[in-house]
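We name chains A, B, ... by the order of the sequence lines, and we start the count at 1 in each one.
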Amino acid sequence: MSDVESAEDADAGEDDPEWSLPDDLAAARKALIEWYEADHRAFPWRETDDPYEILVSEVMSQQTQLDRVVDAWEAFLDRWPTTADLAAADRADVVGFWTDHSLGYNNRAKYLHEAATQVETEYDGAFPTDPDGLQDLMGVGPYTANAVASFAFNAGDAVVDTNVKRVAYRAFDVPDDDAAFETAANDLMPAGESRVWNNAIMELGGVACTQTPRCDEVGCPWREWCHAYQSGDFTAPDVPTQPSFEGSRRQFRGRVIGTLREYDELAIDALGHRIRVDYAPDGEYGREWLLGLLEDLADDGLVDVDRSGDEPIARLQR
DNA sequence: ATCCGGAGAT
DNA sequence: ATCTCCGGAT
């Protein structure tokens, strides 16, 4: 007597997924949590539940490999231990710190500064505790909101980052589709365990289900359920290729910030010659080009341009 | 060449 | 809703 699921005609079944979670989901969850708790990388932010400290670690982690984040994270919190301290800081100092520690996108330093100000002025010094509330903070989107809600308050939904996507795609054939990933990630997560769960599944993606997988080396707890492990096909979701950094606009943005930190203020041509050797005031990469760059940086709240004199003067915004 | 989440533009 | 940009070490 075979089962025969209700006929092939029945429901609006044509879009029913060709992926599914394990039948014994409870066992798979337990295996992952036990694997994580037995051994994992000891990052310092995994030992705090202070939402500010967590937020700083998440924002830094968005652009920098974790091993290099540790030093920056400790130095940042040493300098600005609380949201009150950060909110009281000069923006230029926060951006300067970001540059000094090679943390990438300067706007994130600004966002962090702004978020601290929001917490102080709009939330009376206490972070919102749920993902929706956290998303009101500058620079906090769905990923960061769920991470902070989980790690600080154990009150998040499933985190969906590229690690989680890769795991779901390989292990359960979840299609390369944001909505599907979100559904799968939330179905996987045991209710009320967002703190340990999101740590565990991201650890899995970070050390086991890496681009070149290390299933056996690290004793992946999901081998018995993993479709990729069984088929040997470890294809990962497509990651759109990025334009090269060399010669890019953002390379020159970075040089402007770095140069203006060195000189309090700089006339536009002096600045131009310092950020690119082929600068020529009237050339293709001249005043017009540089003013456009500076205008964007000014819009981002990073640079001020004084155009009152005959030659525009740039400085870091304070 | 690769890596990434959020903002802003479209 | 989808696409482009951002920083710079690896």
Side-chain angles (χ1 to χ4, degrees), chain A residues 45 54-73 76 94-116 118 131-151 156-167 169 176-182 185 198 201-202 205-207 209-212 236-261 275-276 289 292-303 316:
Chain A
W45 47 86
I54 305 273
L55 176 64
V56 172
S57 79
E58 289 300 334
V59 172
M60 289 182 173
S61 304
Q62 286 170 15
Q63 54 206 318
T64 308
Q65 289 164 281
L66 292 185
D67 290 335
R68 287 192 299 123
V69 169
V70 174
D71 286 345
W73 184 78
F76 192 97
V94 184
V95 173
F97 180 100
W98 220 251
T99 300
D100 285 343
H101 290 78
S102 300
L103 288 169
Y105 193 19
N106 293 304
N107 252 344
R108 294 202 206 280
K110 185 185 83 176
Y111 294 159
L112 208 41
H113 184 239
E114 180 64 26
Q118 285 177 276
D132 274 348
L134 285 160
Q135 282 205 65
D136 292 338
L137 301 177
M138 183 66 72
V140 177
Y143 165 82
T144 308
N146 281 312
V148 174
S150 297
F151 305 145
D157 295 319
V159 158
V160 183
D161 71 349
T162 56
N163 287 321
V164 173
K165 290 180 182 178
R166 193 170 55 254
V167 169
Y169 182 89
D176 188 354
D177 172 275
D178 286 346
F181 283 132
E182 193 183 329
N198 285 320
I201 194 164
M202 287 200 288
V207 309
C209 203
T210 43
Q211 212 63 26
T212 54
D238 283 329
V239 278
T241 52
Q242 265 112 310
S244 81
F245 180 67
E246 190 59 33
S248 69
R249 187 175 180 83
R250 53 194 205 282
Q251 181 178 44
F252 292 108
R253 287 174 51 111
R255 286 187 188 170
V256 167
I257 299 294
T259 305
L260 290 180
R261 293 197 64 221
I275 65 169
R276 60 151 71 210
W289 169 82
L293 199 68
L294 290 171
E295 190 181 332
D296 282 356
L297 287 164
D299 288 345
D300 286 343
L302 298 168
V303 165
L316 239 40

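- Atom P of nucleotide B/dA9 and atom CG of A/Asp299 are separated by 9 Å, given to the nearest angstrom.
- Here the side chain of A/Gln251 pairs a donor or acceptor atom with the backbone of A/Gly247 at under 3.5 angstrom.
- In this structure, of C/dG7, C/dT10, B/dA7, it is C/dG7 that holds the atom nearest to the side chain of A/Gln63.
- Counting to the nearest Å, the P atom of C/dG7 and the CZ atom of A/Arg261 are 15 Å from each other.
- In this structure, A/Leu66 places its CG atom 17 Å from P of C/dA9, rounding to the nearest Å.
- Toward the 5' end of DNA chain B, the nearer of the two residues A/Gln135 and A/Asn163, judged by each one's closest nucleotide, is A/Asn163.
- Counting only heavy atoms from C-beta on, A/Arg249 has its side chain closest to C/dC6 among C/dC6, B/dA7, C/dG7.
- If you check every strand for non-hydrogen atoms under 4.0 Å, A/Asp300 touches nothing.
- Closest to the side chain of A/Arg250, from the set C/dA9, B/dG5, B/dC3, is B/dC3.
- Here the CD1-CG distance, from A/Ile257 to A/Leu297, works out to 5.0 Å after rounding to the nearest 0.5 Å.
- Residue-level contact check: A/Tyr143 touches the backbone only, with heavy atoms under 4.0 Å from sugar-phosphate atoms and none from bases.
- The listed nucleotides are C/dG8, B/dC4, B/dC3; the one nearest the side chain of A/Gln211 is B/dC3.
- For the pair A/Asn106 CG and C/dG8 P, the computed distance is 6 Å after rounding to whole Å.
- For the pair A/Thr64 and C/dG7, the criterion of a side-chain N or O lying under 4.0 Å from OP1 or OP2 is not met.
- Between A/Tyr169 and A/Phe181, the angle of the ring planes lies from 30° to 60°, which puts this pair in the tilted group.
- In the interface, the side chain of A/Arg108 is not paired with the base of B/dG6 through any donor and acceptor atom under 3.5 Å apart.
- Between B/dA9 and C/dG7, the distance separating the two P atoms is 16 Å to the nearest Å.
- Among the atoms of the strands shown, only primed sugar atoms or phosphate atoms (P, OP1, OP2) are found under 4.0 Å from some heavy atom of A/Thr144.
- The side chain of A/Ser102 places an N or O atom within less than 4.0 Å of a non-bridging phosphate oxygen (OP1 or OP2) of C/dA9.
- Among the protein residues, A/Pro240 comes within range of no part of the nucleic acid, since none of its heavy atoms lies under 4.0 Å from any strand.
- Relative to the side chain of A/Tyr111, the nucleotides B/dA7, B/dG5, C/dG8 differ in distance, and B/dA7 lies closest.
- Within 4.0 Å (heavy atoms only), A/Val140 reaches sugar-phosphate atoms of the nucleic acid but no base atom.
- Atom CD in A/Gln62 sits roughly 22 Å away from atom P in B/dT2 (whole-Å rounding).
- A straight line from CG of A/Asp177 to P of C/dA1 spans 14 Å, rounded to a whole angstrom.
- Here the side chain of A/Arg166 pairs no donor or acceptor atom with the backbone of A/Ala236 at under 3.5 angstrom.
- Side chain of A/Asn146 to main chain of A/Asp157: a donor-acceptor pair is present (N/O by atom type, distance under 3.5 Å, no hydrogens or angles).
- Look at NZ on A/Lys165: it is 10 Å from P on B/dC4, rounded to the nearest Å.
- Comparing B/dA1, B/dG5, B/dA7 by their closest approach to the side chain of A/Ser244 singles out B/dA1.
- Atom CZ in A/Arg253 sits roughly 4 Å away from atom P in C/dG7 (whole-Å rounding).
- Here A/Trp45 and A/Phe151 keep their ring centres 6.0 angstrom or further from each other.
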